[in-house]
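First comes the structure, then the notes that go with it.
All figures in this text were calculated on a predicted structure; none of them were measured in a lab. Scope of the values below: all heavy atoms of this structure, side chains included, with no hydrogens, waters or symmetry mates. Atoms within each ligand, like the ligands themselves, are counted from 1 in listed order.
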Amino acid sequence: MTTDQTAAIDWQHWLQRWDAQQTRYLPEREERFAVMLDALAALLPADFVALDLACGPGAISQRLLARFPEARTIALDYNPVLLHLGQQALGTMSGRISWISQSLTEPGWVEPVHAALEHLGRPQFDAVLSTTALHWLPIEHLTRVYNQLGELVRPGGLLLNGDHMAYLATLPAFRNLADWEHERIRQAAFSEQGGEDYRQWWQAIEQSWLAADSAFQSLFDAYHANEQLRRREFSEPIALVHVAALAAAGFDQVDTIWQRYDNRVLMAIRGEPTAPIQN
Ligand SMILES: C[S@@+](CC[C@H](N)C(=O)[O-])C[C@H]1O[C@@H](n2cnc3c(N)ncnc32)[C@H](O)[C@@H]1O
């Protein structure tokens, strides 16, 4: 990609369009981010280092670094297009984001993360955050990733996962209510307002970037290859599986801190938090 050609792309526009598209599926997306950041404010010292896991274009890092001026993040994802968008739109936010391209389905994803931590002079993370992402992992990968996070998070550190995590199958009325809510949101976002959905966003970005520079083809080819690997031939782990897997991974306190039907923020803490709750 040459500088002249990619200068034609308005990165901020595509980042904002990503947020708009994601918010159509999750009207409380900003509230959910805010709750997660509030937990960091209450439980961590100001100069914390966090992992933005399955970061997409860096939605968590962008908000976190704007709110906490002394914090730093390592942002990891396997989608080359979203990573490129994040890197172009946000840059490193004055050297405070380190971007890593890795798939969580590869057990070795932790190696470049350890190297990036070492570069920041830290043996472990103070916090790990993830949103709308870990439901993509089949249960065997999810439990392995949680185990690996149990070793990557320092004692007193925490994990926050904001995602849909289903009710037990023995609670059909709760499941039906959650499905009703998803359908209500979908109808409101796409039928009445006619807003751009996930698929349309991907079509639009591919068309626009390739028109600006055909060298982007390799990024989209890699994205499409990943999509083919990412077949949903498994059922998403229910919330209790997340709780049990995090407890087994060495997190002592695990529970939901925010919820709207099955959309939740799960918080998991290793040992005792080292910073007092601040007012
Ligand atoms: C809906 S997006 C959410 C991105 C961002 N956290 C946000 O809230 O805007 C889901 C993200 O999970 C990432 N993802 C899915 N499977 C992954 C894997 N195996 N390894 C790394 N990232 C993955 C996708 O590439 C995508 O960026």
Side-chain angles (χ1 to χ4, degrees), residues 11 14-37 50-66 73-87 89-90 97 99-113 116 127-146 148-149 152 159-165 182 185 189 196-202 205-206 219-220 222-234 236-237 258 263-266:
W11 307 106
W14 287 105
L15 186 58
Q16 283 159 14
R17 220 160 134 173
W18 167 264
D19 282 333
Q21 171 260 112
Q22 288 286 298
T23 303
R24 287 194 187 94
Y25 294 95
L26 290 166
E28 298 87 15
R29 185 168 178 256
E30 291 303 327
E31 181 184 324
R32 197 178 69 177
F33 283 133
V35 166
M36 294 168 77
L37 300 189
L51 175 62
D52 180 353
L53 195 65
C55 60
I60 291 173
S61 291
Q62 181 187 13
R63 289 159 179 78
L64 184 156
L65 296 175
T73 65
I74 293 172
L76 176 146
D77 203 284
Y78 80 152
N79 185 313
V81 177
L82 294 178
L83 280 174
H84 192 76
L85 174 56
Q87 285 164 333
L90 304 178
I97 311 182
W99 298 93
I100 294 180
S101 173
Q102 274 290 321
S103 175
L104 295 169
T105 56
E106 300 293 332
W109 68 272
V110 286
E111 285 160 25
V113 172
V128 175
L129 293 88
S130 185
T131 47
T132 327
L134 299 186
H135 64 269
W136 285 110
L137 297 179
I139 189 164
E140 66 273 19
H141 289 303
L142 180 75
T143 50
R144 175 188 37 77
V145 167
Y146 278 159
Q148 291 172 306
L149 293 174
L152 276 173
L159 175 146
L160 293 157
N161 182 17
D163 207 349
H164 288 284
M165 288 172 247
H182 299 161
I185 289 171
E196 184 175 58
D197 68 14
Y198 190 75
R199 196 179 42 80
Q200 290 164 332
W201 185 87
W202 275 105
I205 197 170
E206 182 164 356
L219 285 189
F220 287 99
Y223 159 67
H224 289 300
N226 278 348
E227 284 296 288
Q228 281 160 19
L229 290 175
R230 208 171 69 158
R231 296 206 191 286
R232 303 294 296 271
E233 287 163 353
F234 58 92
E236 290 172 17
W258 178 93
N263 178 13
R264 320 163 191 245
V265 174
L266 210 58

Proximal atoms of ligand 1 relative to [X] (non-hydrogen, under 4.0 Å):
X      : result
Gln22  : 1 (C)
Leu104 : 18 (C), 19 (N), 20 (N), 21 (C)
Thr132 : 1 (C), 2 (S), 3 (C), 10 (C)
Gly56  : 4 (C), 27 (O)
Asn79  : 25 (O)
Gln102 : 20 (N), 21 (C)
Ser103 : 18 (C), 19 (N), 20 (N)

Heteroatom distance test ([X], ligand 1): nitrogen or oxygen, under 3.5 angstrom:
X      : value
Thr131 : yes
Ala54  : yes
Leu82  : no
Arg29  : yes

### Task
Without swapping roles, check the side chain of Arg264 against the backbone of Met165 for a donor-acceptor pair under 3.5 Å.
yes
### Task
Would you confirm whether Ser103, through its side chain, and Tyr78, through its main-chain N or O, come within 3.5 Å as a donor-acceptor pair?
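A pair under 3.5 Å: no.
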### Message
Name the residue from Leu142, Leu137, Asp77 that meets the side chain to side chain contact (heavy atoms under 4.5 Å, CB included) definition with Leu104.
### Response
Leu137
### Task
Kindly compute the distance separating CG (Leu83) from CG (Leu76), expressed to the nearest 0.5 Å.
8.0 Å
### Query
Nearest 0.5 Å, what's the CG-CG distance between Leu90 and Leu65?
9.0 Å
### Query
Given that the side chain starts at C-beta and the backbone is N, CA, C, O, which of these parts of Ala59 lies under 4.0 Å from ligand 1, counting heavy atoms, or is it both or neither?
side chain
### Message
If we set the cut-off at 4.0 Å for heavy atoms, which region of Cys55 has an atom near ligand 1: side chain, backbone, both, or neither?
### Response
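Answer for Cys55: backbone.
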### Query
Where do Ala59 and Phe33 come nearest, in terms of heavy atoms and distance?
CB-CZ, 3.8 Å
### Message
Restricting to non-hydrogen atoms, name the atom on His141 and the atom on Arg144 that form the minimum distance, rounded to 0.1 Å.
### Response
ND1-NH2, 2.8 Å
Measuring from [atom], which candidate in [options] has the nearest non-hydrogen atom?
atom                    : options                     : result
atom 23 (C) of ligand 1 : Tyr223, Tyr198, Tyr78       : Tyr78
atom 2 (S) of ligand 1  : Tyr25, Phe33, Trp136, Trp18 : Trp18
atom 27 (O) of ligand 1 : Asp77, Leu15, Leu53         : Asp77

### Message
Centre-to-centre under 6.0 Å for His84 and Trp99, is that the case here?
### Response
no
### Asp52 vs Leu129 side-chain heavy atoms within contact, under 4.5 Å
no
### Message
Does any part of the side chain of Asp163, heavy atoms only, come nearer than 4.5 Å to the side chain of Ser130, both counted from C-beta?
### Response
no
